[in-house]
Amino acid sequence: MSRDVTHEIREEIGQNKVIVYMKGTPAMPQCGFSAATVAALRETGYPFAHVNILEDQEKREAIKAFSSWPTIPQVYVDGKFVGGCDIVQEMYASGELEQLLKDAFAEVESAAPAK
């Protein structure tokens with residue numbers, strides 16, 4: 001049975017409010033661009049998932065084709081491709097990233113039972 005990497009990517013993106021495809025892990029990024037992207041995401045205070053594409057060469061190539069974006073890292077919010085490091089950095093600097101994440105998590109927070 002062959003592996004459907006595109007299906008795996010769709011599932012990962014669909015199961016996570018925010019996901020970053022990166023080199024390394026948030027605790028140990030393996031490139032400066034991944035480190036800068038993780039730093040911006042952490043500054044917002046919202047949780048995010050990650051996929052270390054260095055552990056899976058097939059997924060590394062598939063994510064580039066999936067997004068039509070040639071570089072890593074890649075960030076997805078609410079199932080939509082946001083961009084790579086430069087775009088995330090610009091959005092963070094302008095406050096747009098925090099607003100995007102606030103909006104993405106608003107439906108989660110509003111669905112939570114009142115305390």
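Keep in mind that this is a model prediction, so the values were computed, not measured.
Taking the side chain to side chain donor-acceptor pair (under 3.5 Å) definition, one finds that E98 meets it with nothing, sequence neighbours left out. Residues that satisfy the side chain to side chain donor-acceptor pair (under 3.5 Å) test with T6, not counting sequence neighbours, are absent from this structure.
Between V20 and P73, the closest heavy-atom pair is CG2-CB, 4.0 Å. Between Q74 and K64, the shortest heavy-atom contact is NE2-CA, 3.9 Å. In plain terms, the two heavy atoms of V5 and A62 that are nearest each other are CG1-CB, 3.5 Å. Here the closest non-hydrogen pair linking F33 and C85 is O-SG, 3.5 Å. Smallest separation of non-hydrogen atoms from P29 and A27: CD-C, 3.7 Å. For the pair V88 and A40, the tightest heavy-atom approach, listed with the atom from each and the gap, is CG1-CB, 4.0 Å.
When atom types are taken as modelled, the side chain of N16 and the backbone of I19 share no donor-acceptor pair closer than 3.5 angstrom.
Sorted by first and then second residue, the ring-ring contact (aromatic ring centres under 6.0 Å, His included) pairs involving residues 48-67 (not counting sequence neighbours) form an empty list. Applying the salt bridge (Lys or Arg N to Asp or Glu O under 4.0 Å) test to pairs two or more places apart or on separate chains, none has a residue in residues 40-52. Applying the salt bridge (Lys or Arg N to Asp or Glu O under 4.0 Å) test to every pair with at least one member in residues 69-92, sequence neighbours left out, gives these pairs: K17-D78. Residues in residues 18-40 take part in these side chain to side chain donor-acceptor pair (under 3.5 Å) pairs, two or more places apart or across chains: E12-Y21.
For the atom pair OG (S67) and OH (Y76), the distance works out to 4.0 Å, reported to the nearest 0.5 Å. To the nearest 0.5 Å, atom CG of residue D56 and atom CD1 of residue I63 are 11.0 Å apart. Considering NZ of K102 and CD of Q99, their distance stands at 5.5 Å, rounded to 0.5 Å. Separation of atoms CZ (R60) and CG (N52) is listed at 9.5 Å; rounding is to 0.5 Å.
Side-chain contact between I87 and V75 is absent, with no heavy atoms from C-beta onward closer than 4.5 Å.
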### Task
Before giving the answer on side chain to side chain contact (heavy atoms under 4.5 Å, CB included), spell out for L100 and E96 the whole-Å C-alpha distance, their side-chain angles and the decisive distance to 0.1 Å.
CA-CA 6 Å; L100 177 67; E96 190 179 352; 5.6 Å; no
### Query
Going through the distances and angles, do F81 and I13 end up as a side chain to side chain contact (heavy atoms under 4.5 Å, CB included)?
CA-CA 9 Å; F81 177 61; I13 292 169; over 6 Å; no
